[in-house]
Each structure stands twice: as C-alpha cells, then as structure tokens.
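Scroll down for the structure; my scribbles are underneath it.
Below, read A as the first sequence line, B as the second, and so on, with proteins coming before strands; counting in each chain starts at 1. Atom set for the values below is all heavy atoms of this structure, side chains included, hydrogens, waters and symmetry mates excluded.
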There are 2 protein chains.
Amino acid sequence: MKTIEKSTPCELCMSRKFSLFSNLTEPHLCHLSDHKNFITHKKGQILFYEGTKPLGVFCINDGVVKVFKTASNGKEQIIRLAKKGDFLGYASLLGEESYSNSATIVEDAKICFVPRESFLKVLSEDTEFHRRVTKALCHDLGIMEDKLTDATQKSIRERLAFTLLKLSETYGIDGKEGEKIDIVLTREEIAGLVGTATETVIRLLSEFKKDELIDFEGKKILVLDKRGLARLSDFYG
Amino acid sequence: MKTIEKSTPCELCMSRKFSLFSNLTEPHLCHLSDHKNFITHKKGQILFYEGTKPLGVFCINDGVVKVFKTASNGKEQIIRLAKKGDFLGYASLLGEESYSNSATIVEDAKICFVPRESFLKVLSEDTEFHRRVTKALCHDLGIMEDKLTDATQKSIRERLAFTLLKLSETYGIDGKEGEKIDIVLTREEIAGLVGTATETVIRLLSEFKKDELIDFEGKKILVLDKRGLARLSDFYG
DNA sequence: CAGATAACATGACATATATCACATTAATTA
DNA sequence: TAATTAATGTGATATATGTCATGTTATCTG
C-alpha cells in the first residue's frame, strides 16, 4: 500500500519554501534529509489515529489530508484540511500527548515523516525555528477560537457558505465560469467540515445552486457568486 | 478604578507555583518582579479588547477572568475562564497578532502585567520555559478541538450538563448538599460558555433542578448528581 | 461486466432551540 | 428609599435542522 521511494532531499524540496522548515540551516536540512522517510499515500489511507502516540511529525509535500475528530455520535468533525507545506502531528508531539485527532488522505499525497528525535533536535538547536513553531501554534489557536464562535453562533447555512468561500480561497482556480474549488470532497466530508448532517449539506448545496451562488462540475464545486456567499455567511455583522 | 499596589515579588508568589512561571531561575524571577505591574481589578472591568495590540502578558494572581469573542450577532462566546496561575494574552503576543479575543473580570482579581520585553527576554533565555509555553499552547489547541467538536455534534442540553461538570471540577467545593460551584456567573455568561441563548440556559437549568441534578444556593449552583449530569452530557458514547 | 458498495438525492416528520414579548425579582444608584 | 437598571423567569411561536426511510446514480471490485 504505502510506497517508500527515493525522494527530493529537504534542501531542494519546493514545498518546504512555504512551510515552517523554510529557514533552516544547511546542516539541519541535511540532518532532516538523512532521517526523514518519504511515503506516497493513496486516498483513504490513514496517517494516524486519535489516541495513539506521535512518533514524529508529518510534512506534506503534496496532496490533501483531513484532520478530524470522531464525535461520540460517530460523525467526523474535520478540524482542518492540510495541504502542501503543512505540518501534521506536531501539536500532539510537542504537547507530549497522544494524538488528539486522526488524519486520513483526501487526495493522493506525498508525505515526509520526520522522526521525533530529529524534529526535537532541530527545535532545540534552532531557537528561531522554535519561535516560528510557537507563532504557528498561536495562530492556529486564534483560528480555533473563530471556528468555535462560528459553530455556536452561526446557522448551518451561514457556515456552509463560509466554508465554500474558505475552500475557494485555498483550492480555487479561476475558470471562465467562476472559480472552481479544485478538490474532491464528498457531501459527507463537507458536512464534517461544517459540522452538520450530510443531508443538510446536500439540500443547502442544491439551494445554493438554485440561487446561482454555485454550480457543480463533475464532483467539484464552482463558486459563481462570492459576494452572495459572503452576504449569506454573515461576513459583515 | 484600577489600583496599583505594592505586591508580592514573583519569587515569593504562591500562585506562580501552578503557573508556567513555576520553574524560572532566580535572576529571571527578579527581572520579572522588577518590571511587572500589579493591579487590582474589580468585577466587570476590562483587561483587553479584541483587535488591540498586546503589550505584554497578564498573569492572574487571584480572581476569575473571562476570555471571550463577540460574535457578529452581538453575543459573547466565552473561550475560557481563567483563574489563579493562568496566563492571558500570550498567544496573541507570541502569534504577533492583535488580540483574538477580549477579557473582562468575572470575580475581583489581582493580576500582574508582565511587559512584552520582559516576557520575551525570559522566553528567549530560558529554553525550558519556552518549551513549557509551547507545550501549554499545544494542550490548549487540543482542548479547542474538543470544544469545536462538542459544539457541532452535541445538543445544548448535553453541552450545558458538560459545562456544569467542568465548572464543578474547577470551582467545586464540597458541602453537605452536593458540590457547590463557587463562582458567580449570570445565566447570560453560562449561555456564553455553552454557546446558546440565555433563555435556553434558564429553562434547562430549571429542568435540571426539577430532575434533582442540581440545586441553587443564592447565585451559585449546587451539583447534586454528577453521574446524572455525566449521563446527560453523553460522556460515554 | 455483474454485483456490491458508496455517494447522492428527496420526502416526511419530529423537535430542540432561537426569538420576541412581557412579567417579576434582585441589585444598583441617585 | 425611591427610581433605574440588570437579571431571571415564563409563555407563545416559528423554523432550521436532525433523523429515518427509501430510491437513484455513480463508483469500485472481483
């Protein structure tokens, strides 16, 4: 299933440019290159499970990974979608806790695994890197506060509209017919992202389509009217 | 309004024992003592506003502070209640962002303000301290993930029951008639904590009382039946 | 390619919860 | 202590959304 291949060394890795590893020293990059593990993952595969111990950090070279929690009712709450340049599992590692969430592949991915010791070595030797990691954690915390507030104070319709806007921001590619959200998510996954039932997403999406806010192109969503979605999502008070 | 008084030096501060500052070196503690600012705050006063720039870190010596976001509908979503030994505002400071939330005093508080420079100095000079801060941030992130999942997947009744359990865990003092939650929160504040409307909290609380899960003693809540609340809060699948 | 499975869709229905309006009680302030 | 204001409580009502049932379509797998 999982394939281990020859991979680009970290020094030459392009997706690194946009990641927390962007400004490491040459020796540290070499150290990571020597110890990392490059693996190709197919859609649906599992990176790690909630409750298990983190043995290192995942660094996405390409593809999309969903990070989610399984609620007591069995539904998945997607915490975030991670893409090229994103790190996974470092919060649990640095928090010295078991994984607080699970991660599975949404779009075929190339991922480097950096073992715990290597990551911690770089972290302790490069204060500037540690500072950037801290900063990223703080930023994520602010995002989670926003998400919590939205979850409790906004309607599902508002949240779905907002989710579509966010997705188009991250995965949008311009086309003649509006912006295409270039990532395949099932309705169930969108529901997990918004925090609602699959049927509700289906209904609301076709409502949005009827209102000409979006359209469908195969399995992908076309955003036709960003302002309309922004209005719906209660962007401004 | 705000009173500046002589205060215990950090070296002798008792609430420090349970805080992130617990294991600092003597010189660093002295540095903090020299530069901190001890202020007594009364209920209702504001510590900082969302959107403003953090100039330092608040360290609670005594009292209770609510950290909240104001949603677009005007309601307050309480992110957390901070108590003795807790830090405030460090995430925004370290994230190099404006405050992502606001903070006001819920119970009269004694709070030390540590200016940005002093905090950053200690952070950069004491790697172990930096590691503990990082660890705390990671832990908070996990908590926020739980909260988000609960917010989207659980009912208000479940969340209220859970909130009461959490409050009794933190502020509970044993009495003959069950455990008293020794903190005064308005129904509106409980609503902000749960993420619901004030009226809903009022109704559910009297339902809980009718079902002999809780009772009221003045403005405070008595938890009579923890297991009952745990069952209601869907603690186990 | 057939059969199985997953994804999508739609209808019917129940209900938890938000909202609005108003009454009562408690707390604050002049 | 009267007068305001804040907090609590209750009733009526609307509705968004979850749930269940069922059907259709697409996708996967042997």
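- Computed from C1' positions of five pairs at each end, the angle between the two local axes of the helix from C:dC1-D:dG30 to C:dA30-D:dT1 equals 60°, rounded to 10 degrees.
- Using a cutoff of 4.0 Å between basic side-chain nitrogens and carboxylate oxygens, A:Lys166 and A:Glu169 are scored as salt-bridged.
- Each of B:Arg203 and B:Leu185 was matched to the nucleotide of DNA chain D holding its nearest heavy atom; the match closer to the 5' end belongs to B:Leu185.
- If you check every strand for non-hydrogen atoms under 4.0 Å, B:Ile202 touches a base.
- Residue A:Ile221 holds its CD1 atom at 7.5 Å from CG of A:Leu185, rounded to the nearest 0.5 Å.
- Taking only side-chain atoms of B:Arg157, from C-beta outward, the nucleotide of C:dA7, C:dT17, D:dT8 with the closest atom is C:dT17.
- Atom CD in B:Glu189 sits about 11 Å away from atom C1' in D:dA7, given to the nearest Å.
- At C:dA18, one or more side-chain N or O atoms of B:Thr196 fall inside 4.0 Å of OP1 or OP2 (strictly under the cut-off).
- DNA chain D is contacted by both B:Thr186 and A:Lys75; B:Thr186 maps to the nucleotide lying nearer its 5′ end (nearest heavy atom per residue).
- If you measure from atom CD of B:Glu158 to atom C1' of D:dG18, you get 13 Å, rounded to the nearest angstrom.
- The distance from atom CD of A:Glu188 to atom P of D:dT19 is 13 Å, rounded to the nearest whole Å.
- Ring-plane geometry between A:Tyr99 and A:Phe48 is classed as parallel, the angle between the planes falling under 30 degrees on a 0 to 90 degree scale with a further cut at 60.
- Rounding to whole angstrom units, NZ of residue B:Lys219 and P of D:dG9 are separated by 8 Å.
- How far CE of B:Met144 is from CD1 of A:Ile79: 10.5 Å, rounded to the nearest 0.5 Å.
- Between A:Leu193 atom CG and A:Gln77 atom CD the span is 8.0 Å, to the nearest 0.5 Å.
- Put simply, CZ on A:Phe216 is 17 Å from P on D:dT25, counting in whole angstrom units.
- Whole-Å rounding puts the B:Glu207 CD to D:dG11 P distance at 14 Å.
- Across the protein-nucleic acid pair, B:Phe208 atom CZ and D:dG9 atom C1' stand 17 Å apart, rounded to whole Å.
- Side chains of B:Thr40 and B:Lys110: a donor-acceptor N/O pair is absent below 3.5 angstrom, by distance only.
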